[in-house]
Structure formats: structure tokens, C-alpha cells
Amino acid sequence: PAGAALPVATARVKIGDFDATKPVSPGDKTVGFEAHLPAGALQLQSWFYDSDDREICGAFYVDVLRK
């Protein structure tokens, strides 16, 4: 059975010095960010916030693509 959707209003990702937030609509299944990052190992963090800007959780998984 399907679970209940989380009340996500914004998504945030931080990778090294890159830190960005995007709004999330109720029907969205993904949120995409594009960043130019330096070579090397960087720490990645993610957050989902509700409409009151309260942290709900981090992302369950993240895909990182190199272009």
C-alpha cells in the first residue's frame, strides 16, 4: 500500500560551498538543482521543509550527474 505524502514545501541541498533552496509543488516527484563544483570530494547535505519552514527530513536518495 502507498504511504502518505510528506507536506514538503521547499527542498534544500548543500554541496561544499553550493547552498540552494527551491519551492516544491504538491504534485512534484523530483526537485533538480544544477551546480558548478570544484574537483575533489565534497560533503552533500539535503533537507525538506514544510510550509512553516520547519525541517521535515533529508532526502531519501540523491542522484548526482556529471555533465
Side-chain angles (χ1 to χ4, degrees):
L6 296 173
V8 175
T10 56
R12 177 181 170 204
V13 67
K14 183 173 185 203
I15 308 171
D17 290 335
F18 176 81
D19 191 346
T21 302
K22 284 192 174 181
V24 178
S25 297
D28 289 348
K29 302 228 185 264
T30 65
V31 180
F33 293 88
E34 187 171 322
H36 299 281
L37 304 170
L42 300 171
Q43 183 177 5
L44 182 145
Q45 294 174 279
S46 64
W47 300 266
F48 287 128
Y49 297 95
D50 67 12
S51 60
D52 293 323
D53 208 27
R54 291 182 300 223
E55 185 177 333
I56 299 172
C57 63
F60 297 117
Y61 62 90
V62 176
D63 286 330
V64 178
L65 305 174
R66 182 178 176 182
K67 290 186 176 186

Smallest heavy-atom separation, I56 atom then P7 atom, equals CD1-O, 3.6 Å

Residues that D52 engages under side chain to side chain donor-acceptor pair (under 3.5 Å), provided they are two or more places apart: R54

Got a second to check how far T10's OG1 is from K22's NZ, nearest 0.5 Å? 12.5 Å

What residue pairs, at least two apart or across chains, pass salt bridge (charged side-chain N to carboxylate O under 4.0 Å, His left out) with a residue in residues 58-67? none

Quick one: does K14's side chain get under 4.5 Å of W47's, heavy atoms only? yes

Minimum heavy-atom distance between V24 and A11, given as atom pair plus value: CG2-N, 3.8 Å

In this structure, would L65 and L42 fall into the same cluster of hydrophobic residues linked by side-chain contacts under 4.5 Å? no

With clusters defined by side-chain heavy atoms of hydrophobic residues (ILVMFWY) lying less than 4.5 Å apart, directly or transitively, does Y49 cluster with L44? no

For F33 and A20, work out which heavy atoms get closest and say how close. CE2-O, 3.6 Å

How close do V62 and A59 get, counting heavy atoms only, and between which atoms? CG2-CB, 3.9 Å

